[in-house]
Amino acid sequence: FIAFFYSIAYAGQSYTATVTMTGSSNGLTVADYTYTADVSGIINIPVVGIPTTAGTVTFDISTGLPNAKNLTVSTIIANGEKETLIYQNFSKFVYGGDDANYLSGLNKDGVTVVTPRTDGSNDVFSTETQDYRDAHEMTGWSGSKAYERPGYLKMGTGSANGYITTPALSAMTETQDVILTFDAMNWDQISAVTALTFTVNGGGTPDITTYNLPGRVSDAAGTWSTITVNIKNATPSTTIKIAGGARFLIDNIKVTTTGL
């Protein structure tokens, strides 16, 4: 509400207050407000909506009272705390070669040493069991051609591309903007840029739908890239699909609210 005190009015008369907003007013609306005056009193004008940008918003108020000057008030809309809706850092995945650091690893028998480019599982989604996915905290996730590595996944094979889709953002109770971030590394060397694509289903519009993931300097020298996708008007039913045009590694998939 915008609240202000008035005096020296005509009791019983009807007046209409109007408000003009400037500054960081995105997402807010203020309708004309008609009230019946006393000789003096307080008017509370509703401000409706959820702000979508941080900063200062200024309200220029015409009370509608005879001979009254306009009022100007300002308030600061600050960034609030971001709520984490989904976070997957693949900490339950331990087997397979560590291709990101180009180190040997362990086969899923826990004994056999494997080369850096050896997977630690069958396809997480189409071949491994639901018990496996539950044990690895992947309940609600879906995808194809995803393979266990120590602390991350390898996506895709030499003959088929891979993808991973988040669970629905069911922790939300209303439509709002969200932020997707994740880390990715190319499987191939510098000559092979991998195109990643982002698809939002169930509501929401991403600000980008593709990202060109740089190639590696060499097999032994890869660098993680952190990718950010801003999604407007996501809903509790929204899911986000991350796909690659070739093999790539993925880690630290996180979806948060904007904090506004």
Side-chain angles (χ1 to χ4, degrees), residues 86-108 114-128 132-133 136-138 140-167 178-201 206-231 238-256:
I86 290 174
Y87 181 53
Q88 177 56 267
N89 65 0
F90 303 103
S91 61
K92 298 296 183 180
F93 292 79
V94 297
Y95 296 123
D98 184 5
D99 186 65
N101 297 296
Y102 214 70
L103 298 172
S104 299
L106 289 177
N107 193 3
K108 59 183 178 181
V114 295
T115 65
R117 297 220 141 174
T118 302
D119 296 328
S121 72
N122 297 311
D123 188 334
V124 169
F125 298 107
S126 66
T127 308
E128 297 291 352
Y132 170 94
R133 288 187 289 276
H136 288 75
E137 298 181 352
M138 294 297 290
W141 293 77
S142 61
S144 178
K145 301 298 185 258
Y147 302 91
E148 179 170 355
R149 294 305 181 98
Y152 54 93
L153 292 181
K154 188 205 83 177
M155 307 299 301
T157 68
S159 58
N161 297 329
Y163 71 88
I164 186 169
T165 302
T166 70
V178 299
I179 304 168
L180 164 71
T181 59
F182 65 95
D183 296 330
M185 183 187 297
N186 208 320
W187 168 271
D188 290 306
Q189 293 188 19
I190 195 167
S191 60
V193 172
T194 294
L196 304 182
T197 59
F198 318 117
T199 306
V200 177
N201 292 304
D207 63 342
I208 60 173
T209 57
T210 61
Y211 180 88
N212 289 326
L213 190 63
R216 298 162 74 113
V217 175
S218 67
D219 286 346
T223 301
W224 289 102
S225 298
T226 299
I227 296 104
T228 299
V229 184
N230 297 292
I231 301 169
T238 295
T239 61
I240 308 165
K241 177 181 177 181
I242 305 167
R247 286 173 285 188
F248 68 101
L249 313 178
I250 193 166
D251 197 5
N252 297 320
I253 303 174
K254 189 174 187 178
V255 181
T256 67

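Values below: every heavy atom of this structure, side chains too, minus hydrogens, waters and symmetry copies.
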Point-to-point distance, once rounded to the nearest 0.5 Å, from OH of Tyr211 to CD1 of Ile227: 5.0 Å
Test item: Glu148 side-chain N/O and Val94 main-chain N/O as donor-acceptor pair under 3.5 Å: yes
Min side-chain heavy-atom separation Thr199-Asn201 under 4.5 Å: yes
Met138 and Phe125, any side-chain heavy atoms less than 4.5 Å apart: yes
Contact summary for Ala243 and Tyr163, nearest pair of heavy atoms: CB-CB, 3.7 Å
Asn186 CG to Asp99 CG distance, which is reported to the nearest 0.5 Å: 10.0 Å
Atom pair CD1 (Ile164) and OG (Ser144), whose distance is rounded to the nearest 0.5 Å: 11.0 Å
N/O donor-acceptor pair under 3.5 Å between Arg247 side chain and Asp188 backbone: no
Test log, rule side-chain hydrogen bond (donor to acceptor under 3.5 Å, both in side chains), inputs Tyr87 and Asn252: CA-CA 7 Å; Tyr87 181 53; Asn252 297 320; 3.2 Å; yes
Qualifying residue for side chain to side chain contact (heavy atoms under 4.5 Å, CB included) with Trp141, from Thr239, Ile253, Thr165: Ile253
Worked check of side chain to side chain contact (heavy atoms under 4.5 Å, CB included) between Leu153 and Leu249: CA-CA 6 Å; Leu153 292 181; Leu249 313 178; over 6 Å; no
Partner set under salt bridge (charged side-chain N to carboxylate O under 4.0 Å, His left out) for Lys108, not counting sequence neighbours: Glu128
Within-4.5 Å side-chain heavy-atom neighbours: Tyr152 and Asp183: no
For Val114 against Gly97, the heavy-atom pair lying closest together: CG2-N, 3.7 Å
Any donor-acceptor pair under 3.5 Å from Arg149 side chain to Thr118 backbone: yes
Taking every non-hydrogen atom, the tightest pair across Trp187 and Arg216: O-CD, 3.3 Å
Considering all heavy atoms, the nearest Gly245-Thr194 contact: N-CG2, 4.0 Å
Whether Glu137 side chain and Asn89 backbone form a donor-acceptor pair below 3.5 Å: no
By ring pair (Phe, Tyr, Trp, His ring centres under 6.0 Å) - contacts of Tyr95 (at least two apart): none
Nearest heavy-atom neighbours spanning Pro150 and Gly96: CD-O, 3.4 Å
Rounded distance [0.5 Å steps], CG in Leu196 versus CZ in Phe182: 5.5 Å
Point-to-point distance, once rounded to the nearest 0.5 Å, from CD1 of Ile250 to CH2 of Trp224: 8.5 Å
Minimum-distance pair of heavy atoms, taken over all atoms of Lys145 and Thr157: CD-CG2, 4.0 Å
Partners meeting ring pair (Phe, Tyr, Trp, His ring centres under 6.0 Å) with Tyr147 (sequence neighbours left out): none
Straight-line distance of Thr197 OG1 to Ile208 CD1, nearest 0.5 Å: 11.0 Å
Side chain to side chain contact (heavy atoms under 4.5 Å, CB included) assessment of Lys254 paired with Leu180: CA-CA 6 Å; Lys254 189 174 187 178; Leu180 164 71; over 6 Å; no
